[in-house]
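Heads up, the thing below is written out as structure tokens.
Hydrogens, waters and symmetry mates play no part in the numbers below; they use all other heavy atoms, side chains included.
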Amino acid sequence: MPEKTYDHQQIEMKWYERWRDAALYRAEVDRTRPKFYVLEMLPYPSGTLHMGHLRNYTIGDALARYKWMRGFNVLHPMGWDAFGLPAENAAIARGLHPRDWTRANIEEMTGTLRRYAFSYDWSREISTCEPEYYHWNQWFFLKMLERGLAYRKKALVNWCPECATVLANEQVVDGCCWRHGLVAVEQRELEQWFLRITAYMEELLADINRLEGVWPDRVLAMQRNWIGRSEGTEADFRLESTGQPVRVFTTRVDTIFGATCVMLAPEHPLVGEIGPREQERAKGLIDLRGRKDLAGLEKEGFFTGRYAINPYNGERLPVWIANFVLMEYGTGAIMAVPAHDQRDFEFCRKYGIEVRPVIRPVDGALADADTMTDAFVDDGVVENSGEFSGLASAEARRRMTAKAEAGGFGKAAITWRLKDWGISRQRYWGTPIPVIHCERCGIVPAPESELPVRLPLDIRITGRGRSPLENVPEFINVACPACRGQARRESDTMDTFIDSSWYFYRYCDPRNPRAPFDPDVIDYWFQIDQYIGGIEHAILHLIYSRFFCKVMRDLGLVRHSEPVKNLFTQGMVLKDGVAMSKSAGNVVGADAMAEKYGADTGRLFVLFAAPPEKELEWQETGAEGMYRFLGRTCRFVTRNIERARAGAAGSPDADRKALRKLHQTVRKVTQDLETRWHFNTSIAAVMELMNELHALESELSGAVLAEASEKVVLLLGPFIPYLTEELWEELGRQGPVFRQPWPTYNPELAREEEAEIVIQVNGKLRGRFLAPFGASREELEQRALAHDKIRSFLAGKQVVKVIVVPDKLVNVVVR
RNA sequence: GCGGAUGUGGCGAAACUGGCAGACGCGCCAGCCUUAGGAGCUGGUGGCCGUAAGGCCGUGGAGGUUCAAGUCCUCUCAUCCGCACCA
């Protein structure tokens with residue numbers, strides 16, 4: 001029987017055609033079986049689909065196939081169409097209607113993607129860009145509005161001039177738009193819709209510590225940081241002139257006797273009351289501040305001529321306005337304690353304000369104000385602080401806070417960094433916010449029966465910063481649902497992160513016309529067992545979706561509080577040391593890859609070259625190596641089919657060796673995939689097996705060849721769907737590989753006959769010998785000491801001790 | 001500054017609870033086969049010394065624990081990432 005050369009083009013097209021419309025990963029739900037829900041956050045493919053995009057897909061797919069073979073019900077939809085955003089961009093660029101573009105895009109993209117993915121394309125059932133989906137966005141919005149979780153207010157918001165829309169805080173990266181790297185975000189004051197994510201911030205923070213599954217520390221740290229809880233004390237410093245309180249927030253109230261001035265943010269409301277000149281100068285500070293890189297900014301400020309009274313000691317402190325004090329954080333005012341805060345120190349030294357140490361190190365003396373060069377910022381012992389002198393910092397904080405509460409001039413306070421989620425966008429593409437503005441009735445929610453509020457299809461996209469919806473009278477002009485008078489429909493649309501916050505719920509029940517989903521169905525599939533994605537979603541999507549989950553729970557829709565059990569962040573794919581991305585212009589296109597070596601080679605390389613959490617430097621030569629391996633495997637299996645079938649005889653010795661390696665490999669791959677996803681070592685193990693099989697090939701019996709071929713195909717099934725499918729058919733077997741049971745191993749066959757015992761002298765490898773498993777310590781010791789080579793090392797020395805690790809090694813300690 | 005990681009051959013990386021460092025692959029070298037090969041096959045490949053047998057060194061660095069350390073402890077250096085005048 002001639003061997004078959006590996007023709008990836010032919011094989012992959014054949015199986016792609018055959019499987020393209022099959023719902024491969026849609027489980028016929030048998031609730032008695034265990035379930036596995038794996039999902040990837042694909043970066044939305046707004047351009048060329050490249051190997052960087054496909055990496056997380058490949059990981060998830062391998063896992064899904066493996067779980068399936070292990071007898072799980074698997075839900076494994078493609079996650080990529082969750083965002084409407086790229087559709088809008090491209091529509092503007094191409095002058096196409098977004099809706100058409102989205103459909104065209106789906107067809108265009110899924111050609112390659114599906115050739116890689118080999119799984120069910122759920123984007124055919126759900127596109128978040130369409131009314132069937134945004135109906136339920138609107139429904140959620142109304143529920144939140146009812147509960148006060150959605151509200152509208154005038155606020156200073158981030159504005160991306162390139163997108164011509166507002167952005168949420170989470171979507172501003174380094175002062176720039178997350179989508180337009182170099183475009184600086186401006187601040188504008190606008191009426192905006194917000195979701196009250198802060199209502200859940202305590203829970204969002206607390207639950208980080210309660211996640212049962214595995215989340216990367218990095219992501220947890222980023223979320224903690226972003227939520228930014230900080231415990232401290234608020235205290236009022238009264239203005240000497242008017243008696244008006246200036247409330248400050250501090251985490252170090254124990255240093256308050258060292259306060260030597262009070263500082264206001266330039267935007268602080270009190271600035272206006274102090275005087276027009278001061279207001280003018282404060283404005284100057286704001287402008288100087290610019291919009292980027294606050295950290296590198298030179299500290300500037302000025303004295304207002306006013307004084308405020310320290311409530312703890314009655315001291316009269318000058319009131320300053322300083323550019324580094326932020327209105328958005330705390331109360332917008334601080335007390336400056338230059339001796340114990342580095343920023344205050346720098347500011348006060350610059351302007352000649354007194355530095356007064358009041359905390360000394362536990363085992364040291366108070367610093368000298370004149371000679372200190374840096375603030376002493378650690379906790380210590382409080383000095384020169386009236387009744388609190390001599391206390392440790394922590395204790396002083398407690399007592400001083402208590403005093404403020406008792407005296408009515410302050411309280412313990414917790415400050416959060418997290419702000420409410422601004423969801424208004426002045427884009428066309430997005431879910432219309434379902435409210436109506438009526439002059440008489442105010443803001444009136446659209447009646448639930450009228451959902452979905454549909455986007456008009458006939459629009460012109462201007463990119464001018466006002467929603468194009470405002471120019472569509474049929475959309476804008478409506479009757480007020482309450483009074484029937486003339487009213488205007490809200491023209492803002494929702495942030496598309498709303499879509500992505502719950503799309504994975506809808507995947508479980510995509511056609512439900514009555515509700516976002518059936519809670520019973522959700523109950524079976526959720527939580528997501530394994531979510532896979534890039535680190536870039538650590539604070540955006542992953543906080544929003546956690547928030548959404550808690551809201552849905554409080555609406556009685558779901559019974560869990562966290563959507564994702566285990567989160568995995570895969571490493572980026574680099575090309576020449578830079579993350580593969582369209583903007584960097586260094587992509588290895590999936591099309592080109594599939595053309596040249598095939599999707600199987602691409603998948604295998606991505607899985608083999610590095611463990612999934614690590615970054616992966618793309619190397620063409622590495623892919624070639626994988627291609628060679630596939631070719632060798634293909635030829636080996638096909639050229640032995642005849643001999644296997646004929647049941648040819650072979651050498652028992654070679655058979656035994658081959659079977660041992662085979663069963664060891666099944667064990668190793670199973671362990672590697674079960675406990676940790678070490679795809680790379682799994683694949684390496686199969687390669688080792690193939691090397692051994694090649695070496696023994698001519699001596700193997702038909703039966704062993706048959707068993708080996710079959711198991712190799714099954715072991716590789718999760719990684720290289722096309723070739724294994726083809727070989728499975730060549731072997732005369734029926735049905736998709738991933739519906740076969742995972743191969744089993746026989747521990748008896750896998751066992752080595754003899755143990756190789758290593759002999760060390762003083763911990764250094766000096767020799768080795770074979771011994772039966774389970775040999776006694778005494779026997780091993782004796783044989784080691786009798787070993788020729790060891791004897792030469794022992795000559796003239798005294799054996800102090802012999803350590804024996806059964807079946808492993810003997811270490812002889814000599815002097 | 002705060003927080004999170006990561007350091008092993010020429011390269012990507014292995015090494016499960018401390019027990020043979022470098023599996024597997026790439027690259028490179030030699031050979032075979034071929035009209036030819038950017039195809040296939042065989043062998044070699046951490047460094048230094050040695051014709052060889054063999055020896056010494058070797059997991060960022062310095063100490064320590066141990067019969068035994070890439071793995072545990074202490075300190076330190078370097079790189080990457082996230083946040084950042086957050087009071």
Legend entry - A/Leu418 CG - B/C86 P separation (whole Å):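 Roughly 18 Å, once rounded to whole Å.
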Legend entry - Distance in angstrom units between A/Phe629 CZ and B/A23 C1', rounded: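 In whole Å, B/A23 C1' and A/Phe629 CZ are 15 Å from each other.
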Inset, instruction - May I ask you to decide if the ring planes of A/Phe679 and A/Trp677 are parallel, tilted or perpendicular, using 30° and 60° as cut-offs? - result: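 A/Phe679 and A/Trp677: tilted rings.
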Could you tell me how far [M] sits from [N] if I compare only their [atom1] atoms? Round to whole Å.
{"N": "B/A21", "M": "B/A69", "atom1": "C1'", "result": "11 Å"}
{"N": "B/C20", "M": "B/C28", "atom1": "P", "result": "32 Å"}
{"N": "B/U8", "M": "B/U59", "atom1": "P", "result": "11 Å"}
{"N": "B/U66", "M": "B/G7", "atom1": "C1'", "result": "25 Å"}

Which residues within [range] lie with some heavy atom under 4.0 Å of an atom in RNA chain B?
{"range": "residues 333-343 of chain A", "answer": "A/Ile334, A/Arg343"}
{"range": "residues 803-815 of chain A", "answer": "A/Ile803, A/Val805, A/Lys808, A/Leu809, A/Asn811, A/Val813"}
{"range": "residues 685-696 of chain A", "answer": "A/Met687, A/Glu688, A/Asn691"}

[X] near the nucleic acid: base, sugar-phosphate alone, or nothing, with a heavy-atom cut-off under 4.0 Å?
{"X": "A/Gly625", "result": "sugar-phosphate"}
{"X": "A/Arg632", "result": "sugar-phosphate"}
{"X": "A/Pro216", "result": "nothing"}
{"X": "A/Glu615", "result": "sugar-phosphate"}
{"X": "A/Asp344", "result": "nothing"}
{"X": "A/Glu617", "result": "nothing"}

Inset, instruction - Determine yes or no for a side-chain-to-main-chain donor-acceptor pair under 3.5 angstrom, with A/His663 supplying the side chain and A/Tyr745 the backbone. - result: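 Not at all, since once roles are kept as given, no pair shorter than 3.5 Å links the two residues.
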Legend entry - A/Pro216 to A/Thr569 - nearest heavy-atom pair and separation: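 Shortest heavy-atom separation between A/Pro216 and A/Thr569 comes out as CG-OG1, 3.5 Å.
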Inset, instruction - Tell me whether the OP1 or OP2 atom of B/A13 has a side-chain N or O from A/Lys614 closer than 4.0 Å. - result: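 Looking at the OP1 and OP2 atoms of B/A13, one of them is under 4.0 Å from a side-chain N or O of A/Lys614.
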Legend entry - Presence of donor-acceptor pair under 3.5 Å, side chain of A/Arg218 and base of B/C81: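 By the distance-only test, no, there is no pair.
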Show me the protein contacts with nucleotides 51-58 of chain B, counting only N or O atoms at under 3.5 Å.
| unit_1 | atom_1 | unit_2 | atom_2 | d |
| --- | --- | --- | --- | --- |
| B/C56 | OP1 | A/Arg766 | NH2 | 3.2 |
| B/C56 | OP2 | A/Arg766 | NH1 | 3.1 |
| B/C57 | OP2 | A/Lys764 | NZ | 3.1 |

Legend entry - Qualifying residues under side-chain contact (heavy atoms from CB on, under 4.5 Å), relative to A/His8, sequence neighbours excluded: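 For A/His8, the residues satisfying side-chain contact (heavy atoms from CB on, under 4.5 Å) (neighbours in sequence not counted) are A/Tyr6, A/Glu12, A/Tyr627.
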Inset, instruction - Could you tell me whether the side chains of A/Arg751 and A/Gln664 share a donor-acceptor contact shorter than 3.5 Å? - result: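 There is no such pair (donor and acceptor under 3.5 Å, judged by atom type) between the side chains of A/Arg751 and A/Gln664.
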Inset, instruction - Toss me the dot-bracket line for RNA chain B: Watson-Crick and G-U wobble, both under 3.5 Å, 5' to 3', using | for pairs to another strand and [ ] for crossers. - result: (((((((..(((......[....)))((((((.......))))))((((....))))..(((((..]....))))))))))))....
